[in-house]
Amino acid sequence: MKTTARHRPARRAAATALWRLALLAALIGVIGLLPWLSRTDPALTVLKARSTEREPTPETLDAIRNDLGLDDGPFSLLGSWLGGLAHGDAGRSWVSGTEVLPAVGQALGVSLLLMAGALSVALATVAAICARPLWHGARRRLAARRPGGTGSAVLAALPEFLLASVLASVIGVQLGWLPALGWYGPQWMILPSLALGLPAGAVLGRLLADLLPTAYAEPWLPAAVARGIPPAAVARHALRRCVPGLLPNLGLFVVGLTGGAVAVEQIFDIPGLGRLTLRAALAQDLPVLQTGMLALVALAAVAAALARLGAQRLIGPALRDGALHSAYRPTRRAPRFAPLGYGLALAAVIGLGLPRDPLALDTAARLQPPSWAHPFGTDALGRDLLARVAHGALSTLGTALAVSAAALLAGVLLGLLPRLSGPLVDTVNAVPPVPAALLITGLLGGGPWVPALAVAAVAWTALAAHTSALLRQERAALHVTASRALGAGPGHLLRRVLLPAVLPPVVRHALIRLPGIALSLAALGFLGLGAQPPSPEWGLLLSENQPYVERAPWTVLAPAAALALLGALAVTAAGGVRLPRVRRRRATPAVPRPPVAAPAAVAAARAPAGRVAR
């Protein structure tokens with residue numbers, strides 16, 4: 001038995017490594033089969049990517065097939081690519097003919113540098129959002145109320161590509177303060193870092209602000225105040241208590257800021273890995289696409305390992321000894337006036353715009369500013385923007401709500417199985433929504449449901465990582481140890497102890513992610529992979545009106561304001577999420593005698609929890 005217990009961690013690590021390798025092999029295999037699964041001629045796609053002027057004659061296509069070895073089949077190509085990769089050779093690009101490994105390495109270096117800048121902006125945004133609740137909680141013990149943060153909600157709801165367009169046109173072009181296009185030095189990374197880091201920091205700041213009241217409600221705070229510990233030290237301890245629950249999501253943000261910054265890289269003309277993989281996917285350049293996805297998966301594995309190491313360093317002894325306090329605390333409901341106001345404003349926009357025709361053309365009223373006849377103005381074809389925003393809300397909000405509900409369900413269910421979902425989260429998170437949409441389009445064909453399916457395929461990862469992190473900490477709580485000692489079974493612990501502590505913050509996280517899901521759908525529409533004209537979907541509205549942002553800014557501000565209202569509504573409503581109280585029947589006066597082993601277990605559970613403060 002001792003030998004089995006000693007070797008159990010090693011066996012678990014080996015099983016996790018095998019599961020991770022199997023997932024990586026499946027991803028690379030699907031990418032390698034993409035041209036054949038999509039029922040397209042890869043020679044024709046490569047020819048169009050090389051030159052749009054050459055005629056696709058049979059002789060030209062046969063020459064490309066012979067040059068690339070397409071007649072040998074996908075498995076032969078995949079085997080030769082893997083064989084070369086083992087010797088440090090990823091082959092040559094099917095489009096440009098250059099070596100793949102140096103190109104991917106250079107693009108990865110650019111993306112990592114951009115990610116570092118965006119992460120710095122994100123952390124500064126987190127500090128700005130959480131400074132007030134962190135300091136006031138340390139001084140005044142405001143532990144029962146969760147902050148509102150309407151400004152951070154609006155910031156989190158801003159589309160990255162819209163923010164990038166505004167920064168490039170206003171600061172880069174009109175004011176000329178910073179360069180807007182290219183990648184030639186430190187000055188060129190400021191604007192794209194702001195476009196990526198501000199929304200990401202707003203989401204992380206909301207998640208941290210959601211955890212701070214829980215930390216300040218723990219019993220260590222009165223003891224720290226009684227001992228005269230300075231508020232700065234109390235705030236540092238609260239951060240140490242909350243950060244481990246955010247580290248998995250921070251690792252996911254690292255990968256998302258590296259491979260998911262496709263739209264920002266397109267706007268600022270940055271030669272990053274996201275744009276490289278997008279172009280390779282569109283051109284079916286398999287060596288570049290496979291190598292780029294392999295680099296993203298490796299980055300995801302490294303980020304996940306660093307997140308686990310950081311959590312182990314912060315609260316590892318408390319997790320091992322079961323000396324944590326429960327993360328579940330009953331909180332007062334947040335004021336309902338703010339979400340009610342935002343909901344009424346969004347409903348008023350939809351209600352006023354639905355009676356109008358979103359497809360009616362009036363060439364004499366092109367790009368008209370807001371007026372009584374057109375409260376949101378008109379677009380380049382003279383269509384009423386209020387009508388298009390209102391009719392687009394039905395599809396955008398409905399799809400975003402359905403995807404959010406599916407992501408929440410999948411995230412909670414898979415988060416309860418961390419050994420299964422951990423490697424799966426790292427692998428799936430390495431596939432940004434845009435390449436996922438291309439893969440789904442290749443596998444199942446195109447359609448209006450492709451963006452929703454692509455976003456749903458990757459949106460559950462953050463919720464699963466959050467669920468696993470909170471579940472791990474809750475299992476190390478003192479009352480869970482005592483409940484096990486008193487004979488509580490796994491089912492009872494899951495229903496009555498673990499889920500009530502994990503579900504409320506995860507549901508709030510899902511609500512905070514709702515604008516992000518709408519933004520992902522909008523980003524696919526912005527890149528031409530979602531809805532097609534004349535659909536009034538919000539992402540397509542932003543894409544169509546972006547060329548007129550300087551001449552007619554209201555054409556972009558109207559759908560952006562609707563997205564901001566959605567973000568403010570979601571975040572303010574998330575502050576009041578809690579599970580309903582379960583009314584328990586009064587027990588009979590006869591108290592059952594506990595088992596013999598219970599007193600010793602309870603005494604161990606009541607051991608001093610000072611190790612948490614180490």
Atom pair [atom1]/[atom2] of [X] and [Y] - distance to nearest 0.5 Å:
{"X": "I171", "Y": "L178", "atom1": "CD1", "atom2": "CG", "result": "6.5 Å"}
{"X": "I517", "Y": "L401", "atom1": "CD1", "atom2": "CG", "result": "9.0 Å"}
{"X": "L408", "Y": "L514", "atom1": "CG", "atom2": "CG", "result": "11.0 Å"}
{"X": "T555", "Y": "L541", "atom1": "OG1", "atom2": "CG", "result": "9.5 Å"}
{"X": "R279", "Y": "L289", "atom1": "CZ", "atom2": "CG", "result": "14.5 Å"}
{"X": "W183", "Y": "F268", "atom1": "CH2", "atom2": "CZ", "result": "10.5 Å"}

I'd like to know if the side chain of T277 and the backbone of G274 have a donor-acceptor N/O pair within less than 3.5 Å.
yes
Please check: side-chain N/O of Q368 versus main-chain N/O of G377, any donor-acceptor pairing under 3.5 Å? no
Identify the two heavy atoms, one from [X] and one from [Y], that lie closest to each other, and give their separation to 0.1 Å.
{"X": "A168", "Y": "A180", "value": "O-CB, 3.7 Å"}
{"X": "L367", "Y": "A380", "value": "CD2-N, 3.6 Å"}
{"X": "P375", "Y": "P370", "value": "O-CB, 3.1 Å"}
{"X": "P192", "Y": "V264", "value": "CB-CG1, 3.9 Å"}
{"X": "L247", "Y": "G310", "value": "CD1-C, 3.6 Å"}
{"X": "C242", "Y": "L208", "value": "CB-CD1, 3.8 Å"}

- Query: What's the verdict on side chain to side chain contact (heavy atoms under 4.5 Å, CB included) for I270 and R275, showing C-alpha distance, side-chain angles and the deciding distance?
  - Reply: CA-CA 8 Å; I270 299 174; R275 192 177 69 164; 6.0 Å; no
Sequence neighbours excluded, the answer for side chain to side chain contact (heavy atoms under 4.5 Å, CB included) partners of L108 is L112, T258, L273, A295
Cut-off 3.5 Å, no hydrogens considered: what does the side-chain donor-acceptor table look like for residues 115-129, sequence neighbours left out?
residue, atom, partner, partner atom, Å
S120, OG, A116, O, 2.9
T125, OG1, V121, O, 2.8

Are [X] and [Y] packed together at the side-chain level, in the sense that at least one heavy-atom pair is separated by less than 4.5 angstrom?
{"X": "R236", "Y": "R241", "result": "no"}
{"X": "P271", "Y": "L276", "result": "no"}
{"X": "I267", "Y": "L181", "result": "no"}

Step by step, work out the side chain to side chain contact (heavy atoms under 4.5 Å, CB included) result for M293 and L296. CA-CA 5 Å; M293 295 306 300; L296 286 176; 4.2 Å; yes
The ring pair (Phe, Tyr, Trp, His ring centres under 6.0 Å) partners of W554 (sequence neighbours excluded) come to none
Exercise for review: Could you give me the CA-CA distance, side-chain angles and deciding distance for I350 and L397, then say whether side chain to side chain contact (heavy atoms under 4.5 Å, CB included) is met?
Suggested key: CA-CA 11 Å; I350 298 174; L397 295 181; 4.1 Å; yes
Counting only pairs under 3.5 Å, give me each side-chain donor-acceptor contact of residues 451-468, with atom names and distances, residues two or more places apart or in other chains.
residue, atom, partner, partner atom, Å
W460, NE1, A457, O, 2.9
T461, OG1, V458, O, 2.9
H466, ND1, H509, ND1, 2.9
T467, OG1, L463, O, 2.8
S468, OG, G415, O, 3.0
S468, OG, A464, O, 3.1

Please output the side-chain donor-acceptor pairs of residues 384-394 that fall under 3.5 Å, not counting sequence neighbours, one pair per line with the distance.
residue, atom, partner, partner atom, Å
D384, OD1, H374, ND1, 2.7
D384, OD2, L386, N, 3.4
D384, OD2, A387, N, 2.9
R388, NH1, P358, O, 2.9
R388, NH2, P534, O, 3.4
R388, NH2, S535, O, 3.2
H391, NE2, L354, O, 3.0
H391, NE2, R356, O, 3.0

Sequence neighbours excluded, the answer for side chain to side chain donor-acceptor pair (under 3.5 Å) partners of D379 is R383
